[in-house]
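A short write-up of the structure that comes next.
Heavy atoms only: backbone and side chains are in, while hydrogens, waters and symmetry mates are out. In listed order, ligands and their atoms are each counted from 1. In this text, all values refer to a predicted model and were calculated from it rather than measured experimentally.
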Amino acid sequence: MMRLPLFEFRTPRTVEEAARVLDGEGPSSMVLAGGTDLLPNMKRRQQGPRTLISLRQVEGLSGVQWDGTGTRIGPCATIAEIAQDTRFRNGGSALWQAASVVATPHIRNLATLGGNICLDTRCSYYDQNYEWRKAINFCMKKDGEICWVATGSPKCMAVSSTDTAPALIALGAIVRLRSRGEEREIPLADLYNNDGMNYLTRRPNEILTEIRLGSLHGWKSAYWKLRRRGSFDFPVLSVAAAARFSASGVVEEARIVLGAVASRPLVATEAANALLGRPLIEQSIEEAATLAARLAKPLDNTDFDMSWRKKVAAEFVTNALRELRGDDMSAHRLQLTQYVLDSDGN
Ligand SMILES: Cc1cc2nc3c(=O)[nH]c(=O)nc-3n(C[C@H](O)[C@H](O)[C@H](O)COP(=O)(O)OP(=O)(O)OC[C@H]3O[C@@H](n4cnc5c(N)ncnc54)[C@H](O)[C@@H]3O)c2cc1C
Ligand code: SF4
């Protein structure tokens with residue numbers, strides 16, 4: 001049985017208090033939300049904070065609020081709440097589709113949106129217990145010096161595996177970060193580094209306190225996820241696409257984001273620009289899919305053959321964009337598990 005190491009547990013009641021405690025405890029402390037990622041990581045000795053600062057009793061960090069200008073989501077809103085909120089089913093479809101395929105129903109009830117956004121990166125060599133990693137002499141992400149995926153690499157290439165971040169970035173999300181005596185807002189896209197160890201630009205003393213979306217009027221969005229098991233599994237490739245259409249169906253704004261093919265969600269700007277100024281016709285969809293798939297450089301550190309995952313990227317961008325156009329893609333979605341079984345992805 002894997003046991004948690006000893007740690008001190010703090011339960012602040014306000015954001016100010018939480019920020020003060022986090023700042024005072026320094027880098028040996030971490031915030032805890034649902035604990036569905038951090039606690040297993042601590043059991044595997046991948047992360048070892050001496051102090052955990054629980055956000056569960058902090059006022060003002062939960063819930064979803066809508067007004068005419070947009071949506072404010074508290075970082076402690078659970079993934080289940082997002083998946084069940086029917087108000088996201090118009091422009092915000094990508095977010096509820098992403099939330100509804102995170103882990104299992106039981107985990108979604110505990111897991112939070114903030115925790116999902118800040119989720120640790122993953123790698124087949126890292127996501128093992130302590131003894132397994134010790135037997136191969138660890139890797140640079142924790143306790144070692146070498147990268148077992150690319151032994152000459154100076155940097156870790158563990159994979160960003162959050163489902164909701166690509167969807168939120170496609171919807172143009174802004175996040176608010178709070179530290180002792182300071183507050184700042186940044187586009188969610190700027191929260192990420194393409195580095196498996198330093199994957200967040202969040203400073204160690206900052207708490208994510210709000211996720212904001214602008215008005216979704218005129219927007220359509222979709223999220224497609226590749227995973228081995230249809231019941232639950234982390235993504236090994238995902239595509240989030242969002243577009244704002246004029247009354248006549250011309251694409252006026254668009255974003256395409258790839259997940260799980262790098263250490264951060266990848267924003268495919270050139271691909272999205274290829275959609276602008278015309279309706280979503282097959283030609284523009286094909287151009288965008290080709291351009292987006294060029295960005296995907298999956299490595300051999302998650303499930304499936306990496307070149308097959310790259311091929312699927314183009315297919316999923318096509319599917320997501322056809323869904324935005326209004327094509328009925330439900331049969332394709334239902335067949336995803338069979339698609340994986342029939343594939344040559346191993
Ligand atoms: C079996 C299993 C399957 C899973 N499948 C998926 C999946 O398919 N897709 C997926 O995306 N995830 C999956 N997960 C991972 C995890 O359950 C989710 O990502 C979840 O949303 C994490 O949220 P949490 O509240 O539990 O985060 P926690 O575990 O509490 O925290 C995760 C990280 O975020 C930090 N953090 C949390 N909240 C904040 C905040 N407000 N400010 C700053 N830092 C913060 C923590 O310090 C920690 O580093 C799975 C987990 C398990 C155990
Ligand atoms: S990519 Fe390399 S350094 Fe990073 S977790 Fe995997 S083996 Fe370790």
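If you number the atoms of ligand 1 from 1 as listed, the ones under 4.0 Å from a heavy atom of A33 come out as 25 (O), 30 (O), 37 (C), 38 (N). In the vicinity of C139, heavy-atom distances shorter than 4.0 Å reach the ligand 2 atoms 3 (S), 5 (S), 7 (S), 8 (Fe). Every atom of ligand 2 with a heavy atom of K141 under 4.0 Å away is listed here by number and element: 3 (S), 5 (S). Applying the 4.0 Å criterion to heavy atoms of D233 picks out, from ligand 1, the atoms 8 (O). For ligand 2, the atoms closer than 4.0 angstrom to any heavy atom of Y125 are 7 (S). Those atoms of ligand 1 that come under 4.0 Å of a heavy atom in V101, given as number and element, are 8 (O). For ligand 2, the atoms sitting less than 4.0 Å from at least one non-hydrogen atom of A158 are 1 (S), 4 (Fe), numbered in the order shown with element in parentheses. Short contacts between ligand 1 and L38, defined as distances under 4.0 Å to a heavy atom of the residue, involve ligand atoms 29 (O). Proximity to Y126 (heavy-atom distance under 4.0 Å) selects the following atoms of ligand 2: 5 (S). Ligand 1 places these atoms under 4.0 Å from at least one heavy atom of L55: 40 (C), 41 (N). Atoms of ligand 2 found under 4.0 Å from any heavy atom of M157, numbered from 1 in the order shown, are 1 (S), 4 (Fe). Within ligand 1, counting atoms from 1 as listed, the ones closer than 4.0 Å to a heavy atom of D163 are 7 (C), 8 (O), 9 (N), 10 (C), 11 (O). The atoms of ligand 2 that sit less than 4.0 Å from any heavy atom of V149 are 1 (S), 6 (Fe), 7 (S). Atoms of ligand 1 found under 4.0 Å from any heavy atom of G34 (numbered from 1 in listed order, with element): 24 (P), 25 (O), 26 (O), 30 (O). Counting the atoms of ligand 1 from 1 in the order shown, those under 4.0 Å from a heavy atom of M30 are 47 (O), 49 (O).
A donor-acceptor contact closer than 3.5 angstrom is absent between the side chains of S221 and R255. Donor-acceptor pairing under 3.5 Å is lacking for the side chains of R322 and N319. In this structure, a donor-acceptor pair under 3.5 Å is absent between the side chains of N194 and Y199. Neither side chain, K155 nor S263, offers a donor N or O lying under 3.5 Å from an acceptor on the other. Using a 3.5 Å distance cut-off with no hydrogens or angles, the side chains of R13 and Q57 do pair a donor with an acceptor. Between the side chains of N301 and S124, not a single donor N or O lies within less than 3.5 Å of an accepting N or O. At a cut-off of 3.5 Å, with distance as the only test, a side-chain donor of E25 or T51 sits close to an acceptor on the other residue. No side-chain N or O of Y192 forms a donor-acceptor pair with one of S160 less than 3.5 Å apart. For the residue pair D143/Y130, the side-chain donor-acceptor check at 3.5 Å is not satisfied. For the residue pair Q128 / Q46, no side-chain donor-acceptor distance below 3.5 Å is found, with atom types taken as modelled. The closest side-chain donor-acceptor pair between D23 and N205 falls under 3.5 angstrom.
Nearest to atom 53 (C) of ligand 1 among the protein's heavy atoms is T36 O, 3.6 Å. Here the protein heavy atom with the shortest distance to atom 28 (P) of ligand 1 is G35 N, 3.5 Å. Among protein heavy atoms, atom 12 (N) of ligand 1 sits closest to F234 CE2, 3.4 Å. Counting only heavy atoms of the protein, atom 27 (O) of ligand 1 lies nearest to G115 CA, 3.4 Å. Looking at atom 7 (S) of ligand 2, its nearest protein heavy atom turns out to be W148 N, 3.4 Å. Among protein heavy atoms, atom 42 (N) of ligand 1 sits closest to L208 N, 2.9 Å. Closest to atom 2 (Fe) of ligand 2 among all protein heavy atoms lies C147 SG, 2.4 Å. What sits closest to atom 7 (C) of ligand 1 on the protein, heavy atoms only, is A103 N, 3.3 Å. Counting only heavy atoms of the protein, atom 4 (Fe) of ligand 2 lies nearest to C156 SG, 2.4 Å. In terms of protein heavy-atom proximity, atom 33 (C) of ligand 1 is closest to C118 O, 3.8 Å.
A pairwise comparison of heavy atoms in W308 and D305 identifies N-OD2, 3.0 Å as the closest pair. Closest approach of A167 to Y223, counting heavy atoms only: CB-CD1, 4.4 Å.
Which of R133, M140, K142 comes nearest to atom 3 (S) of ligand 2 through a heavy atom is settled by distance: it is M140. Considering only non-hydrogen atoms, atom 10 (C) of ligand 1 lies nearest to N116 out of I117, N116, I107. For atom 46 (C) of ligand 1, the choice among I53, T78, T104, V31 with the nearest heavy atom turns out to be V31.
Contacts of C123 with ligand 2, taken as heavy-atom pairs under 4.0 Å, involve the side chain alone.
Put simply, the residue from V175, L95, D85, T164 that forms a side chain to side chain contact (heavy atoms under 4.5 Å, CB included) with I73 is L95.
Residue E206 has no nitrogen or oxygen atom sitting less than 3.5 Å from a nitrogen or oxygen atom of ligand 1, judged on distance alone. Looking at V102 next to ligand 1, no N or O pair under 3.5 Å apart turns up. Here's the thing with L32: none of its N/O atoms is less than 3.5 angstrom from an N/O atom of ligand 1.
Cation-pi geometry between K142 and Y126 is not met: the NZ or CZ atom fails to fall both under 6.0 Å from the ring centre and inside 45° of the normal.
Look at S161 and you'll find a heavy atom under 4.0 Å from some atom of ligand 1. For the pair K225 and ligand 1, a heavy-atom separation below 4.0 Å is found. Distances shorter than 4.0 angstrom do not occur between any heavy atom of G196 and any atom of ligand 2.
At least one donor-acceptor pair closer than 3.5 Å links the side chain of D127 to the backbone N or O of C123. Checked by atom type and distance alone, the side chain of S284 never pairs as donor or acceptor with a backbone atom of L280 at under 3.5 Å.
The CD1 atom of I79 sits 8.5 Å away from the CG atom of D163 when rounded to the nearest 0.5 Å.
In this structure, the ring of F88 has its center less than 6.0 angstrom from the ring center of W66. For W224 and F316, the ring centers are positioned less than 6.0 Å apart.
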